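Single-structure report; data block below.
Reminder, nothing fancy here: chain letters follow the sequence lines and each chain counts from 1. As the structure is a computational prediction, the values presented were derived from the model and not from experiment.
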Number of protein chains: 2
Amino acid sequence: MTPLIRSFAALADPTRLNIIEQLMQSGELPAGDLVKDAGMTAPAVSRHLKVLREAGLVRQRIDGTRRLYSANPDGLRLISDWAISRRAFWEQSLDRLETAILTEERRPQ
Amino acid sequence: MTPLIRSFAALADPTRLNIIEQLMQSGELPAGDLVKDAGMTAPAVSRHLKVLREAGLVRQRIDGTRRLYSANPDGLRLISDWAISRRAFWEQSLDRLETAILTEERRPQ
DNA sequence: CAGTTAATTAACATTTATGTTAATTATTGG
DNA sequence: CCAATAATTAACATAAATGTTAATTAACTG
């Protein structure tokens with residue numbers, strides 16, 4: 001499995017995507033806090049975190065008995081880079097939309 | 001399942017990601033051509049195409065007995081928009097890299 | 001209109017993913 | 001050191017994904 005596909009797979013689950021969003025917003029959080037919001041047991045969340053870790057999307061820092069998690073910018077940039085490198089393609093429809101808007105502006109009413 | 005998660009799930013498979021890349025590069029292709037490259041049977045590819053269709057990542061056009069597939073820019077923009085709207089976050093490490101480079105430039109040798 | 005081609009859908013087997021409870025590991029604090 | 005806390009790993013059950021072959025649908029072609 002390539003790193004990109006592993007990243008897509010990691011984000012293809014509502015619990016994991018939610019964890020990533022939470023970490024991007026709140027910064028570093030202990031596993032326990034993520035369990036509270038996830039609506040499932042700690043072992044389940046722990047394994048979701050493992051999937052995210054193995055995809056390089058989150059980092060783990062140990063502080064006593066707690067594991068502090070944070071989103072990893074480098075991992076997330078893999079997705080961004082893929083999207084941006086295909087920008088020429090997905091902007092096609094936007095170009096058409098812009099053209100339509102401009103055409104309308106040039107011919108008011 | 002949200003559209004974004006459905007998109008991530010659709011791209012989280014090597015066969016499907018490969019199909020998307022092929023369609024972005026070559027434009028419209030019949031299902032048969034995609035089967036040739038996929039290294040698996042036609043029914044398997046057909047179902048992969050269904051997953052991509054349901055995620056809005058490809059479009060299907062009927063031409064006689066053939067189904068012509070093309071990548072859908074609107075679907076792909078969903079991923080781009082997500083990545084770009086989180087740009088402030090994933091650029092963090094890039095900023096640090098830039099800072100390091102600039103610092104080096106300011107202090108040559 | 002029978003036969004061929006293109007593709008999908010159905011039925012099935014197998015692997016992978018995901019959740020639960022129970023057990024384990026590791027650290028903190030009396 | 002023992003009990004409590006935080007988190008993970010193990011074992012297990014079940015649902016979902018993915019591939020195969022067989023059957024079906026639809027459109028050309030002689």
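- Annotation: ring-ring contact (aromatic ring centres under 6.0 Å, His included) contacts involving residues 49-87 of chain B, sequence neighbours excluded, comprise B:Phe8-B:Trp82.
- Here the closest non-hydrogen pair linking B:Leu17 and A:Leu4 is CD2-CD2, 4.0 Å.
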Check: Does the pair B:Val35 and B:Met40 meet the rule for a side chain to side chain contact (heavy atoms under 4.5 Å, CB included), with working shown?
Finding: CA-CA 7 Å; B:Val35 169; B:Met40 64 185 67; over 6 Å; no
Next item on the list: Check the pair A:Glu21, A:Met24 against side chain to side chain contact (heavy atoms under 4.5 Å, CB included), reporting the backbone distance first and the verdict last.
Entry: CA-CA 5 Å; A:Glu21 300 277 18; A:Met24 284 199 284; 3.7 Å; yes
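- Nucleotides of DNA chain C that come within less than 4.0 Å of any heavy atom of chain A span, from the 5' end to the 3' end, C:dT18 to C:dT28.
- If you take CG of B:Asp63 and C1' of D:dA27, they are 11 Å apart, rounded to a whole angstrom.
- Checking A:Gly39 against A:Ile62, the closest nucleotide of DNA chain C that is more toward the 5' end is the one next to A:Gly39.
- If you find the closest nucleotide of DNA chain D to A:Arg47 and to A:Thr65, the one lying nearer the 5' end belongs to A:Thr65.
- Taking atom CZ of A:Arg66 as the reference point, atom C1' of D:dA7 lies 12 Å away to the nearest angstrom.
- Nearer the 5' end of DNA chain C, as judged by each residue's closest nucleotide, is the contact made by A:Ala12, out of A:Gly64 and A:Ala12.
- Between A:Met40 atom CE and D:dT14 atom P there is a gap of 19 Å when expressed in whole angstrom units.
- For the pair A:Gln60 CD and D:dA7 P, the interatomic distance rounds to 10 Å; values are reported in whole Å.
- Here D:dT18 presents its P atom at 12 Å from CD1 of B:Ile19, a figure rounded to the nearest Å.
- Between B:Lys50 atom NZ and D:dA16 atom P there is a gap of 15 Å when expressed in whole angstrom units.
- Using a 4.0 Å heavy-atom distance criterion, A:Ala42 is classed as a base contact.
- With rounding to the nearest 0.5 Å, the separation of CG in A:Leu29 from CG in A:Leu23 is 5.5 Å.
- In this structure, B:His48 reaches the D:dG19 phosphate: one of its side-chain N or O atoms is under 4.0 Å from OP1 or OP2.
- Electrostatic pairing of B:Glu91 and A:Arg77 does not count as a salt bridge here, judged by no charged N lying under 4.0 Å from a carboxylate O.
- D:dT18 atom C1' lies 17 Å from atom CG of B:Leu17, rounded to whole Å.
- Electrostatic pairing of A:Arg59 and A:Glu28 does not count as a salt bridge here, judged by no charged N lying under 4.0 Å from a carboxylate O.
- Atom CG of A:Asp13 and atom C1' of D:dA17 are 14 Å apart (whole Å).
- Using a 4.0 Å heavy-atom cutoff across all strands shown, B:Ala44 reaches at least one base atom of the nucleic acid.
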